[in-house]
Number of protein chains: 2
Amino acid sequence: MAIYQATASAPVNIACIKYWGKRDTKLILPTNSSLSVTLDQDHLRSTTTARADPSFERDRLWLNGTEEEIKDVGRLATCIKEMKRIRREVVEAKDPQAPKLSTFPVHIASHNNFPTAAGLASSASGFAALVSALAALYELPSSPSELSVIARQGSGSACRSLFGGFVAWEMGSAADGHDSLAVEVAPQSHWPEMHALICVVSDDKKGTSSTSGMQRTVETSALLQHRIKEVVPARMAEITAAIKARDFDAFARVTMADSNQFHAVALDTEPPIFYMNDVSRAIIALVVEYNRVALEKTGKRKAAYTFDAGPNAVIYAPAENMREIVSLIVRYFPQKDAFKDVFGLFGVAGVGEGGLVEGFDERVAKRFETGAVKGLIHTRVGDGPRRLAAEEALLGGDGKPL
Amino acid sequence: MAIYQATASAPVNIACIKYWGKRDTKLILPTNSSLSVTLDQDHLRSTTTARADPSFERDRLWLNGTEEEIKDVGRLATCIKEMKRIRREVVEAKDPQAPKLSTFPVHIASHNNFPTAAGLASSASGFAALVSALAALYELPSSPSELSVIARQGSGSACRSLFGGFVAWEMGSAADGHDSLAVEVAPQSHWPEMHALICVVSDDKKGTSSTSGMQRTVETSALLQHRIKEVVPARMAEITAAIKARDFDAFARVTMADSNQFHAVALDTEPPIFYMNDVSRAIIALVVEYNRVALEKTGKRKAAYTFDAGPNAVIYAPAENMREIVSLIVRYFPQKDAFKDVFGLFGVAGVGEGGLVEGFDERVAKRFETGAVKGLIHTRVGDGPRRLAAEEALLGGDGKPL
């Protein structure tokens with residue numbers, strides 16, 4: 001008897017032009033286009049195995065080994081149902097020999113290789129891996145952009161994890177959302193020197209979920225409509241040009257401005273939403289000062305911070321600057337655990353108490369106690385979803401998680 | 001020989017609709033109108049004595065006992081020069097008998113009854129007191145609005161301290177600034193129940209001065225123009241109506257929204273400007289939760305926070321709510337010194353570890369260590385500048401500070 005099973009992995013992405021606001025909450029259609037960098041799956045990924053079997057009782061899903069309920073009208077159910085529909089319409093309806101996989105229940109096991117405690121949203125990589133695994137299982141001829149339309153209905157920003165490199169989510173205009181999809185702006189190979197340092201920031205405050213937060217902003221911010229109509233379209237064009245030209249200075253300027261503006265409209269919400277805390281502010285002060293010195297010397301910025309719906313910073317920079325940046329962060333935010341130096345920036349001695357770059361005003365921030373930044377992850381731009389070999393499967397012979 | 005001397009005091013004001021941005025930095029003409037509540041001089045005031053004497057060598061000024069340089073092209077010199085000009089044109093030119101005080105050098109002594117460490121801007125009350133003392137010395141028939149035009153050129157928000165009660169600074173449109181002045185929206189007596197609690201917040205970060213910060217916002221924020229053109233005019237009308245109707249709920253809604261939006265455009269600046277810190281955020285969370293409970297019970301808010309260019313909170317509320325509000329703040333921010341209970345809210349026992357209002361979710365903020373809020377000042381809406389008796393003078397017989 002044939003076994004119908006496939007495994008895929010998908011990357012995390014971190015936006016430079018932020019998605020904040022839905023015009024359709026059911027279909028997850030955004031109020032503005034957005035753009036992100038896909039991070040390397042060698043460091044951060046979701047892996048998903050999907051299996052279709054007529055003997056299964058119903059669709060089931062396990063996340064990191066624990067079964068999650070698939071609610072009838074939920075986003076998971078929507079994605080699985082849509083993928084089955086495409087299988088039926090695109091494969092089974094055209095090839096009478098094709099097995100009727102769309103009629104079989106599926107078992108799905110998914111795993112994130114980064115701890116939930118890292119504070120990284122796993123929904124983007126998770127839904128991208130789900131859709132990729134089902135597309136492989138169902139042998140769909142769909143393009144990544146077509147699959148992104150399905151992933152989008154699971155979690156908006158998941159659509160951008162269907163591509164590697166630099167990815168735009170075009171907001172589209174159709175009521176049914178078929179043109180609200182991800183497109184590749186440039187592949188990983190275009191600008192592989194783009195690195196990223198994720199600073200995982202401790203927070204003792206329960207944050208506002210992005211789903212509810214963004215709708216409050218849509219309903220109450222007096223500034224959001226201006227951002228949507230006037231600011232974002234220009235920034236999308238500007239950062240696309242910067243990426244195509246590998247112009248890091250322009251990339252950094254637009255990325256930081258848009259992170260700031262996203263948090264500005266969150267603050268302009270009633271009641272106001274704060275995602276950044278004093279540690280986040282200090283990281284901004286360090287990057288601003290690092291860039292001030294660089295601008296004075298060369299007229300160009302050397303790093304760009306961006307913050308999503310939480311206190312964690314992601315610092316984008318060309319690979320050649322990462323040694324200075326890691327040294328800077330570690331100086332102000334002493335680490336409990338040794339820095340995981342995956343790119344061998346520091347050699348065997350590890351990160352020392354290095355000097356600051358010349359001209360850096362060390363008073364721009366205070367030194368925090370150990371643990372204020374509780375972890376650092378150094379990664380870089382990466383590729384899109386990968387189909388994995390059978391050995392990588394997360395489901396055992398019994399259709400249950402291994 | 002006659003002594004020409006006068007003493008006046010002037011109040012602090014805290015804006016509900018924020019002033020942020022100049023269209024003319026020399027004349028201090030704002031990019032938008034603003035509106036404030038004048039606070040009670042019985043608690044917070046600047047007092048200034050001005051004396052004109054032909055035997056003085058030059059204009060001199062002492063602030064809290066220390067002489068300050070009067071720079072030729074500075075704001076102080078501008079205010080003194082303008083007041084002398086009005087004396088000359090309005091009094092001396094019309095009455096040949098009037099002593100030519102405009103030709104005499106002046107000595108000025110000024111004192112704030114609140115410590116600089118309190119983090120309260122003293123420039124508003126200081127320039128209002130300066131202009132008021134000189135107007136008394138020169139026996140000018142000028143109205144408070146006319147004097148506000150001069151005070152504005154010392155420090156923008158000082159113009160609003162020329163009136164008590166509820167005061168609008170109308171931005172005006174003339175290039176020479178003659179119509180950019182303060183007007184009374186309602187006197188203190190219209191709504192004397194309007195109380196205020198100033199929470200002085202510790203900060204280990206050097207802030208951006210409002211003068212340089214607001215110009216950076218004007219130059220770089222993509223959102224400020226929308227605020228200026230679309231948002232503020234509607235809010236000025238809305239809060240004016242709320243004040244006239246003594247509608248605290250509407251007053252609170254607009255006040256909090258405008259504080260948030262001011263800080264939002266500061267954050268939308270390049271590089272971003274942060275004035276609020278984690279303590280400020282926690283105070284917001286407490287007021288939001290206090291209002292959530294009130295809204296659920298009665299459909300009306302009971303308190304309004306507002307933050308100027310620093311981490312300090314000012315909480316406006318009807319007098320009847322202040323006992324609950326002080327208890328709430330003290331619970332989360334233990335005080336080193338006993339609360340100065342000027343209105344006798346708590347009787348001889350003082351502020352105890354009172355219970356929260358019913359339904360309040362105490363998890364909205366953590367309890368901070370003693371000193372995070374380093375002082376509380378309970379005050380209320382107050383009157384405008386006062387002419388003081390000769391006994392209150394700050395200058396001695398020798399024309400030097402006492």
Side-chain angles (χ1 to χ4, degrees), chain A residues 203-206 208 217 220-227 229-232 234-235 252-254 256-282 284-285 287-292 295 301 305 307 311 361 363-368, chain B residues 203-206 208 217 220-227 229-232 234-235 252-254 256-282 284-285 287-292 295 301 305 307 311 361 363-368:
Chain A
D203 202 17
D204 47 31
K205 179 180 158 287
K206 200 184 150 291
T208 306
T217 302
T220 65
S221 169
L223 300 176
L224 181 69
Q225 292 306 317
H226 184 73
R227 162 171 169 73
K229 283 184 204 132
E230 307 295 334
V231 182
V232 172
R235 286 191 179 157
R253 185 173 43 73
V254 178
M256 292 187 285
D258 209 67
S259 175
N260 295 339
Q261 188 169 92
F262 151 46
H263 292 278
V265 297
L267 174 45
D268 189 50
T269 299
E270 183 186 337
I273 301 167
F274 296 91
Y275 288 119
M276 296 190 287
N277 62 22
D278 285 354
V279 173
S280 314
R281 290 166 63 197
I284 289 179
V287 173
V288 166
E289 176 63 9
Y290 181 65
N291 280 333
R292 187 195 62 75
L295 281 163
R301 292 165 184 83
Y305 60 77
F307 293 81
D361 178 357
R363 296 162 305 175
V364 296
K366 67 165 190 180
R367 290 197 195 199
F368 281 71
Chain B
D203 202 17
D204 46 31
K205 181 180 158 285
K206 197 183 154 290
T208 306
T217 301
T220 65
S221 169
L223 300 177
L224 182 68
Q225 292 305 319
H226 184 73
R227 161 171 170 75
K229 283 184 206 133
E230 308 294 334
V231 182
V232 172
R235 284 189 181 160
R253 185 173 43 74
V254 177
M256 292 187 283
D258 209 66
S259 175
N260 295 339
Q261 189 169 92
F262 152 45
H263 292 278
V265 297
L267 174 45
D268 189 49
T269 300
E270 183 185 337
I273 301 166
F274 295 91
Y275 289 119
M276 296 190 288
N277 62 22
D278 285 355
V279 173
S280 314
R281 291 166 63 198
I284 289 179
V287 174
V288 166
E289 175 64 9
Y290 181 66
N291 280 334
R292 186 195 62 75
L295 281 162
R301 293 164 183 81
Y305 59 78
F307 293 80
D361 178 357
R363 297 162 305 175
V364 296
K366 66 165 189 179
R367 289 195 195 201
F368 282 71

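Keep in mind the model is a prediction, meaning the values are calculated, not measured. Chain letters run A, B, ... following the sequence lines, proteins first and then strands; every chain starts at 1.
Contacts between L223(B) and chain A at a heavy-atom distance below 4.5 Å involve backbone atoms as well as side-chain atoms. For M256(A), no part lies under 4.5 angstrom from a heavy atom of chain B.
Note on H226(A), E230(A), R363(A): by heavy-atom pairs under 4.5 Å with chain B, the leading option is H226(A). Comparing S221(A), P271(A), A222(A) by how many heavy-atom pairs each has under 4.5 Å with chain B, the most go to A222(A). The candidate from E270(A), Q261(A), R253(A) with the greatest count of non-hydrogen atom pairs under 4.5 Å with chain B is Q261(A). Residue with the most contacts toward chain A among V231(B), L267(B), T269(B), N291(B): L267(B) (heavy-atom pairs, distance under 4.5 Å).
A search for side-chain contact (heavy atoms from CB on, under 4.5 Å) contacts involving N277(B) returns D278(A), R281(A), V201(B), D203(B), V279(B), S280(B), P311(B), not counting sequence neighbours. Checked against ring-ring contact (aromatic ring centres under 6.0 Å, His included), F262(B) has the following partners two or more places apart in sequence or in another chain: W20(B).
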